[in-house]
Participant: 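Encoded as structure tokens, here's the structure I'll be asking about.
Values below: every heavy atom of this structure, side chains too, minus hydrogens, waters and symmetry copies.
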2 protein chains.
Amino acid sequence: MAARPTMKDVAKAAGVSLMTVSRVVAGEAGVAPQTAARVEEAIRGLGYQRNDIARNLRRKAQDSRTIGLVVDDLANPFFSALARSVEDEAYRRGFLVLVGSTNDDPRRERDVVSAFSARQVDGLVLVPTGGNRAFFRAQMARGVKVVCVDRPATGLDVDCIAVDNRAGTATAIGHLLDRGHTRIAYLGDRQEIWTQNERFVGYTEAITEAGLEVDPVLIRHGLRGHRQAAAAIGEMMAGPNPPTAFFSGNDLITLGAVEAGACRRFGLVGFDDFVLADKLDPPISVVSQDPAALGRTAAQLLFGRIDGDNAAPRSVVLATRFIDRGSGAMAAGSTPVRGG
Amino acid sequence: MAARPTMKDVAKAAGVSLMTVSRVVAGEAGVAPQTAARVEEAIRGLGYQRNDIARNLRRKAQDSRTIGLVVDDLANPFFSALARSVEDEAYRRGFLVLVGSTNDDPRRERDVVSAFSARQVDGLVLVPTGGNRAFFRAQMARGVKVVCVDRPATGLDVDCIAVDNRAGTATAIGHLLDRGHTRIAYLGDRQEIWTQNERFVGYTEAITEAGLEVDPVLIRHGLRGHRQAAAAIGEMMAGPNPPTAFFSGNDLITLGAVEAGACRRFGLVGFDDFVLADKLDPPISVVSQDPAALGRTAAQLLFGRIDGDNAAPRSVVLATRFIDRGSGAMAAGSTPVRGG
DNA sequence: CGGCCTTCTGTGAACGTTCACAATCCGCGT
DNA sequence: ACGCGGATTGTGAACGTTCACAGAAGGCCG
């Protein structure tokens, strides 16, 4: 309950001026050793700790040594791995990290970023929701550096780190084509999410380049969560001329596909690797990306900006890695049909 | 690059005093509507945003509306789920969350907590490492509220939310005993970790209460990660009189057990549920705890303290849930042996 | 028409720290 | 003895905001 001691208290206890305490705490040279010792004893005695908030206020020229990290959902392993590597990078530089989840809700994103900015963060690592373009422009005018990760903020000219979603998807589709599949279904989350749209484009391109047609019956967007994904698969498989393979646009959908098809009824390749993918029966082939690398790169870029790098916004594209575990094979009883 | 506008700038632009701006920004009553309108226009024109750091400095009586969350490893799904629910609870109350991982390293824990405290956090949700007892006492003397979660801080008299690790483990062991296992091995992480030790105690009690003896050959502590766990299992199975079932003390170890025994060579029950546990062959039975509930409860307790609750420290114990998926059964070819 | 209350607005100080500069002490050269 | 330079320490202002209070209008009542 006792109020925190301030430099004033320490000064009184040590019988010196407040400024001398400040100097000792800051580790500045030019304080007589005995004086410093006396001050340090007072500090220990009172349990004094510098108030970094007041400090940052005064030395305004400098930064607040805090960054904000805004992700879609911190509980999602992909984002939490990303968050951890951002935090590690910040820790190494003596920065603190404020964290917030948006739930893919532009309003909550606004709230969170606004609160961060009011706390004078030096920069932001952001997984943008898609809205709030003008809002972010205003933030940046105020000097907050922004780096996007996983997806770009549409219409906002900032650094962005993401993987090559199209190429990664094309590889996956190519793999399925190689295994004889010609009716390959696409299952994705909401198409407004940039990554989902990119993957869908990759799918479309790969299919048409192979000389096949994109059959609208085989396309499903807007699948939120594994339940809906499993249901969608059930419907497709029950329909006429069902697909022989599925491409799933994220890990949750892949999970739904696993639920729906534990019995090897179709080929499957998913975007995003996940724990135990290799222990399932069959083991699931995936397009894998490295969230830690994304986070690390984003943080490094952000700190570069904070350190004064004013070059034109950079766009960093990391590669995906296709991991073949066998789930892309043609299922035993399925009948490949050429065309649609 | 332009310096952020301050209330002074807004005041000048609107032709009023700084205090009037402050009133408008704070939404206080008692400002003439026209004046308020003029001020608000100036605010929009300049893109002004209040500096909450300066604000919190002045109204020191109040809190900084920031809490710190310190976990072992944010990338671990258990802790990230916990983190997410803490963050949600904070968001609902208009608090911000500083986050840090300790990596189970007392020094890093100290660094992080110290930096948080220097930033005047109102409270801390903490997954303690085990060291730093005196350090935390000092922090609390400064008025920082601390709530421990997942494990108590030994020798520190604060609120703590955890599950009943002993009872959960005892249930798991009982389940294995019921299925005829008499040689049940224990695989745990470092015994210095409180949860691990509790689980080990639960194991020991359940075994002895069943009239069996605890065979040191079947006990392994200090397994870090799935690799070591798989190796340990390999050794035990290769030895004389091998166990017919394993209890694994955390999810990583369970993973190692899955790797080592995909072919149903032994019974298995793990502590902590994990994604896809039900999709493996065989599906894995687990003692499940709810990290989101842990986080939510911890946050609620912390905010209670921040709001002035001075009651004696509470210890909240949440129940675990045993999920029987079948992996505890006696494997086909194994020979149950009574006694050791 | 004076007094007083109400409504609105402004002033000075303060939060805890650092910056820029001034003051003090000491030794030493001339 | 005088002043000068270096080392050490102190003083006042400032960062951007809010608190406590004071002042300036205007209205209403007796």
Participant: Base, sugar-phosphate, or nothing: which does B:I53 touch, judged by heavy atoms less than 4.0 Å apart?
Facilitator: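 It contacts nothing in the nucleic acid.
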Participant: Would you indicate, yes or no, if C:dA14 has its OP1 or OP2 atom less than 4.0 angstrom from a side-chain nitrogen or oxygen of B:R59?
Facilitator: no
Participant: With a 3.5 Å cut-off and no angle check, do the side chains of B:Q120 and B:T66 form a donor-acceptor pair?
Facilitator: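 Short answer, no.
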Participant: Roughly, in whole Å, what's the span from CG in A:N56 to P in D:dG16?
Facilitator: 13 Å
Participant: Please report the distance, rounded to the nearest Å, between CE in B:M7 and P in D:dT18.
Facilitator: 4 Å
Participant: Whole Å only: how far is the CD atom of A:Q49 from the C1' atom of C:dT17?
Facilitator: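 One finds 14 Å between C1' of C:dT17 and CD of A:Q49, rounded.
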Participant: Using whole Å, report how far CD of B:E28 lies from P of C:dT9.
Facilitator: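 The answer, rounded to whole Å, is 13 Å.
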Participant: Checking contacts here: which listed nucleotide (C:dG10, D:dT9, C:dC15) is nearest the side-chain heavy atoms of B:L57?
Facilitator: C:dC15
Participant: Answer with base, sugar-phosphate or nothing: what part of the nucleic acid does B:V25 contact at a heavy-atom distance below 4.0 Å?
Facilitator: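 Nothing, no heavy atom under 4.0 Å.
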Participant: Less than 4.0 angstrom between a side-chain N/O of B:S17 and OP1 or OP2 of C:dT9, yes or no?
Facilitator: no
Participant: Could you give the CG-to-P distance, from B:D63 to C:dC15, as a whole number of Å?
Facilitator: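 About 19 Å, once rounded to whole Å.
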Participant: Below 3.5 Å, does any donor atom in the side chain of B:R4 face an acceptor in the base of D:dG16, or the other way round?
Facilitator: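 Per atom types, no contact qualifies.
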Participant: Taking the side chain of B:A32 as its heavy atoms from C-beta onward, which of C:dT17, D:dC15, C:dC8 lies nearest to it?
Facilitator: C:dC8
Participant: How far apart are the closest heavy atoms of B:S80 and A:L74, and which atoms are they?
Facilitator: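 In this case the closest contact between B:S80 and A:L74 is CB-O, 3.5 Å.
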Participant: Examine D:dT8: is either OP1 or OP2 under 4.0 Å from a nitrogen or oxygen in the side chain of A:T35? Give yes or no.
Facilitator: no
Participant: Would you call B:R50 and B:D52 a side-chain contact if the rule is heavy atoms closer than 4.5 Å?
Facilitator: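 They are in contact (side-chain heavy atoms under 4.5 Å apart), so the answer is yes.
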Participant: Can you work out whether A:A26 or B:V31 has the more 5'-proximal nearest nucleotide on DNA chain C?
Facilitator: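 Looking at DNA chain C, the more 5' nearest nucleotide goes with B:V31.
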Participant: Indicate the atoms forming the closest heavy-atom contact of B:W194 with B:D150, along with that distance.
Facilitator: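 Closest approach of B:W194 to B:D150: CZ3-O, 3.7 Å.
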Participant: Hey, which sits more toward the 5' end of DNA chain D by its nearest nucleotide, B:R23 or A:T20?
Facilitator: A:T20
Participant: A cation-pi test, strictly: NZ or CZ of B:R4 under 6.0 Å from the centre of the six-membered ring of B:Y48 and no more than 45 degrees from its axis. Yes or no?
Facilitator: no
Participant: Report the distance from atom CZ of B:R55 to atom P of D:dC19, rounded to the nearest whole Å.
Facilitator: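 Going from B:R55 (CZ) to D:dC19 (P), I get 8 Å.
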Participant: Find the distance A:K12:NZ to C:dG16:P and express it as a whole number of Å.
Facilitator: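 Nearest whole value for this atom pair: 12 Å.
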Participant: Between B:R108 and B:D72 (salt bridge meaning N to carboxylate O under 4.0 Å), is one present in this structure?
Facilitator: no
Participant: Of the nucleotides C:dT17, D:dT8, C:dT11, which has the atom closest to the A:N51 side chain?
Facilitator: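 My answer, after comparing the listed nucleotides, is C:dT17.
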Participant: Return the value, rounded to whole Å, for the distance between atom CE of B:M19 and atom P of D:dA22.
Facilitator: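 Rounded to the whole Å, the gap is 15 Å.
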Participant: Nearest to the B:R58 side chain among C:dT17, C:dG10, C:dA14, which nucleotide is it?
Facilitator: C:dA14
Participant: Relative to the 5' end of DNA chain C, which residue comes earlier, B:P33 or B:A54, by the nucleotide with the nearest heavy atom?
Facilitator: B:P33
